[in-house]
Amino acid sequence: MKEFRESLYGALAQTFRVDELYFERKTAHQHLMIFHNALLGRVMTLDGIVQTTEKDEFIYHEMMAHVPLFAHSDARNVLIIGGGDGGMLRETLKHSEIESVTMVEIDADIIKMAKQYLPKHSAGAFDDPRVNIEIADGMNFVRDTKQRFDVIISDSTDPVGPGEVLFTNDFYEQCKRILNPDGVMATQNGVPFFQIDEVTTTRERMAPHFYDQSFYSAAVPTYYGGIMTFAWGSDNAELRQLGLDTLQQRYQRAGIKTRYYTPEIHQASFALPKYILDALT
Ligand code: SAM
């Protein structure tokens, strides 16, 4: 029986039994693999790193979409960088106030193969009339665009390969440039227990561009190592400190069905363990 082995840290690896291989090929940008695993359902990997699984994707996509969007509460134009599997699009579009979502994905093959082999991720989101898909490097897009956005979600791969540019000072600076007043940016920021440098590096590079820069977290089982962090940036510090009653009112009013996100989890997710706070001071 074939196995997929992910080894991010040399001394440690995780293996997934490949019960059925759907697709494996080098695209123009990265090595893409989609397979079925009896426990996790369908799994997508890029360049040997687990990107998403049917079993636990809801945790990641709900937390990266609903925390910034409920914090903002009136986002009309949203930008997603990456997100090729369509899960972020699915969750984002649940917010009825949104008028347009621009998704900038570098690799058209990811979208094509996700539509075919991971249909539950997008669940029709790619066909929503509010969606505009751009096939481009997210760095080039944020540098060149004349559009402005209320929420920016960077749903990228890790800072290696094509994703590396999405963790740079230049990227955060350009994202701030195209963010509307009271806008919010959230980014995928790794598993701090093993990748604490991703937290300190993001703080160094992102904090100069936002009045309020911090992190929130959730544990996504297949991103092993405990909690993962999401970086947060906004010039409106209140958006990260909203009261539970406000969040509960917004959640009730929106009537969005979730399986992980709750207003209580939202508020608690910004509480960071001491080892992360110590690393940030
Ligand atoms: N949930 C995953 C994670 O946390 O690692 C990320 C999901 S999604 C599959 C990551 C997407 O980022 C991929 O589709 C990849 O093609 C895209 N990507 C990587 N570098 C990019 C870039 N520079 N511009 C736009 N998209 C990029």
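When a ligand or atom number is given, it counts from 1 through the structure's own listing order.
Heavy-atom minimum distance, Lys94 versus Lys257: NZ-O, 3.4 Å. Between Ser154 and Met64, the shortest heavy-atom distance links the atoms O-CE, 3.5 Å. Heavy-atom minimum distance, Gln188 versus Thr157: NE2-O, 3.4 Å.
The structure places CG of Leu40 at 6.0 Å from CZ of Phe16, a figure rounded to the nearest 0.5 Å.
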Q. Given Tyr211 and Asn236, is the side chain to side chain donor-acceptor pair (under 3.5 Å) satisfied, shown in steps?
A. CA-CA 7 Å; Tyr211 177 75; Asn236 181 344; over 6 Å; no

(Q) Go through it in stages, so that I can follow the logic: the residues are Gln267 and Gln241, the test is side chain to side chain donor-acceptor pair (under 3.5 Å), and I'd like the CA-CA distance, side-chain angles, deciding distance and then a yes or no. (A) CA-CA 8 Å; Gln267 199 178 49; Gln241 332 247 356; over 6 Å; no

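Closer than 4.0 angstrom to ligand 1 by heavy atom are Gln30, Met44, Leu46, Gln51, Tyr60, Gly82, Gly83, Gly84, Asp85, Val104, Glu105, Ile106, Asp107, Ile110, Ala136, Asp137, Gly138, Asp155, Ser156, Thr157, Pro162, Gly163, Val165, Leu166, Gln188, Tyr223, sorted by chain and number.
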